[in-house]
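The analysis underlying the following values was restricted to heavy atoms, covering all of them including side chains, and did not include hydrogens, waters or symmetry mates. We count ligands from 1, going down the list as the structure has it; atoms in each ligand are counted the same way.
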Amino acid sequence: MAPAVSSPPRIIRIASRKSQLALVQTYWVQEQLQKHFPDRTFEVHTMSTQGDNILDVALAKIGDKGLFTKELEVGMLKNETDFAVHSLKDLPTKLPEGLVLGCVTERENPADALVVHEKFKDKQLETLPEGAVVGTSSLRRLAQLRHRFPYLTFKDIRGNLNTRLAKLDAGEFDALILAVAGLQRLGMGDRIHQVIPSEISLHAVGQGALGIECRSDDAEVLSLIKVLEHTPTAQRCYAERAFLRELEGGCQVPIGVNTVIEGEQLTLTGVVASLDGQKLVKDSITGNATDAEQLGTQLAHKLREQGAAEILAEIFAEVGR
Ligand SMILES: NCc1[nH]cc(CCC(=O)O)c1CC(=O)O
């Protein structure tokens with residue numbers, strides 16, 4: 001129902017993590033909404049999440065779903081904030097009762113990037129020498145790169161982007177794999193040495209896009225945030241998320257995707273790989289972009305038939321979940 005003419009519009013409270021990347025993203029959303037709705041007030045409320053606090057344990061080990069999102073969700077459900085801005089790839093595919101993914105913004109390049117130590121500035125991923133130490137915290141990157149480059153040494157790395165780059169520059173690693181989008185948003189695009197082609201490694205579900213989550217019964221906020229939705233990105237990400245949901249993988253499983261929209265057709269490619277890089281199943285599906293989620297579900301079934309379920313079961317046994 002419309003508010004009485006006399007009552008001022010409510011202040012909209014945006015929930016965000018405190019990391020530099022999260023704040024850049026959240027302030028971008030705030031600024032865009034302010035432009036669309038100059039008479040409204042949008043406030044940013046920051047909070048820490050479990051993923052920000054536990055920095056000394058491999059992500060895969062604590063890898064609970066919602067590591068970077070739960071505290072923000074609790075705040076919305078308690079009506080302390082109205083919507084949360086997430087890196088979509090950190091947002092679990094199943095949301096708590098009462099919350100929805102209300103908006104998906106236009107995606108940056110969703111690929112991963114190779115960042116190298118000075119001494120390897122003439123090398124590419126394909127020409128790094130045997131035993132070169134590559135830092136990544138993602139099982140997806142680890143499994144796919146190990147499959148292709150079994151002679152490289154992979155080492156877990158945690159911490160924010162600046163911490164990771166400092167470790168690389170200090171010689172603790174020879175190279176890192178990081179998201180192109182994160183580097184670009186933080187103004188560190190010049191550190192991108194090579195954009196990793198999808199033939200070598202598929203990106204994470206939702207990578208490079210922002211997801212805005214809000215209460216499902218908040219029609220006002222839903223209509224405000226919808227102005228930032230980018231339909232092709234949303235279709236691609238809905239297909240990707242349905243694929244991951246159907247395989248019951250969280251953000252810390254070796255599952256990668258790629259999506260392309262041509263005209264009205266959406267092609268989704270998915271991969272599931274074992275941690276040692278030995279087993280890898282990969283396939284694609286094409287259909288109408290408006291049936292995005294159905295395509296994701298169907299591709300998950302296809303990969304299951306090709307052995308994806310066994311690979312995932314082995315990993316859950318190994319990582320201890
Ligand atoms: N898991 C951490 C994370 N979550 C979102 C991004 C930035 C890229 C994006 O928005 O997808 C990153 C950093 C990275 O993977 O290098």
Side-chain angles (χ1 to χ4, degrees), residues 16-29 48-55 57-70 72 84-93 101 103-115 134-142 144-145 154 156-168 173 175-189 191-196 198 201-213 230 233 236-237 240-241 244 249-259:
S16 175
R17 288 171 54 202
K18 294 174 179 172
S19 79
Q20 198 187 350
L21 179 61
L23 287 174
V24 166
Q25 296 177 163
T26 301
Y27 290 138
W28 180 83
V29 167
S48 296
T49 63
Q50 207 191 351
D52 298 305
N53 296 327
I54 311 173
L55 286 173
V57 186
L59 271 183
K61 294 253 168 8
I62 40 174
D64 207 30
K65 292 173 192 165
L67 205 57
F68 292 106
T69 55
K70 195 141 184 200
L72 306 186
V85 180
H86 309 285
S87 289
L88 185 55
K89 82 164 173 184
D90 294 332
L91 185 67
T93 57
L101 176 56
C103 170
V104 176
T105 66
E106 183 166 8
R107 181 176 238 179
E108 302 253 357
N109 186 341
D112 290 324
L114 179 76
V115 181
V134 180
T136 174
S137 64
S138 138
L139 299 181
R140 171 184 58 80
R141 293 167 180 158
L142 172 77
Q144 292 183 87
L145 294 178
F154 295 93
D156 194 59
I157 185 167
R158 286 288 319 277
N160 65 38
L161 225 63
N162 286 311
T163 314
R164 292 187 197 199
L165 291 170
K167 287 178 181 176
L168 172 71
F173 296 86
L176 302 179
I177 312 293
L178 295 165
V180 166
L183 286 164
Q184 277 175 345
R185 288 203 186 106
L186 290 178
M188 294 191 255
R191 296 294 311 247
I192 298 170
H193 188 69
Q194 178 185 8
V195 174
I196 301 176
S198 61
S201 181
L202 299 188
H203 61 74
V205 165
Q207 187 158 316
L210 307 185
I212 307 181
E213 187 185 19
H230 183 250
T233 302
R236 291 168 65 187
C237 291
E240 295 172 14
R241 286 171 64 78
L244 183 61
C251 63
Q252 279 304 314
V253 288
I255 296 179
V257 290
N258 193 57
T259 40

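- In this structure, Gln207 and Asp112 have side chains that are in contact, with non-hydrogen atoms separated by less than 4.5 Å.
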Going through the distances and angles, do Ile192 and Gln184 end up as a side-chain contact (heavy atoms from CB on, under 4.5 Å)?
-> CA-CA 9 Å; Ile192 298 170; Gln184 277 175 345; 4.2 Å; yes
Worked check of side-chain contact (heavy atoms from CB on, under 4.5 Å) between Arg241 and Leu91 = CA-CA 10 Å; Arg241 286 171 64 78; Leu91 185 67; 4.0 Å; yes
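- Under 4.0 Å from ligand 1, the heavy atoms of Lys89 that appear belong solely to its side chain.
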Using the side-chain contact (heavy atoms from CB on, under 4.5 Å) rule, take Gln20 and Leu186 through it: C-alpha gap first, then chi angles, then the decisive distance, then the call.
-> CA-CA 8 Å; Gln20 198 187 350; Leu186 290 178; 3.9 Å; yes
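- Of all heavy-atom pairs between Leu72 and Thr49, the closest is CG-CG2, 4.4 Å.
- The heavy-atom pair separating Gly206 from Leu88 by the smallest distance is O-CB, 3.6 Å.
- If you look at Asp90 next to ligand 1, the close heavy atoms, those under 4.0 Å, all belong to the side chain.
- Counting heavy atoms only, Ala179 comes closest to atom 8 (C) of ligand 1 of the residues Ala179, Gly211, Pro110.
- Proximity of Leu88 to ligand 1, defined as any heavy-atom pair under 4.0 Å, is not found for any part of the residue.
- For the pair Leu178 and ligand 1, the shortest N or O to N or O distance does not fall below 3.5 Å.
- Ligand-side atoms of ligand 1 in range of Gln207: 11 (O), range being under 4.0 angstrom from any heavy atom.
- When non-hydrogen atoms are compared, ligand 1 lies under 4.0 Å from the side chain of Arg141 (C-beta onward) but not from its backbone.
- In this structure a side-chain-to-backbone donor-acceptor pair under 3.5 Å is present from Arg185 to Gly208.
- Between Leu21 and ligand 1 there is a heavy-atom distance shorter than 4.0 Å.
- Only side-chain heavy atoms of Arg185 come within less than 4.0 Å of ligand 1; its backbone N, CA, C and O stay farther off.
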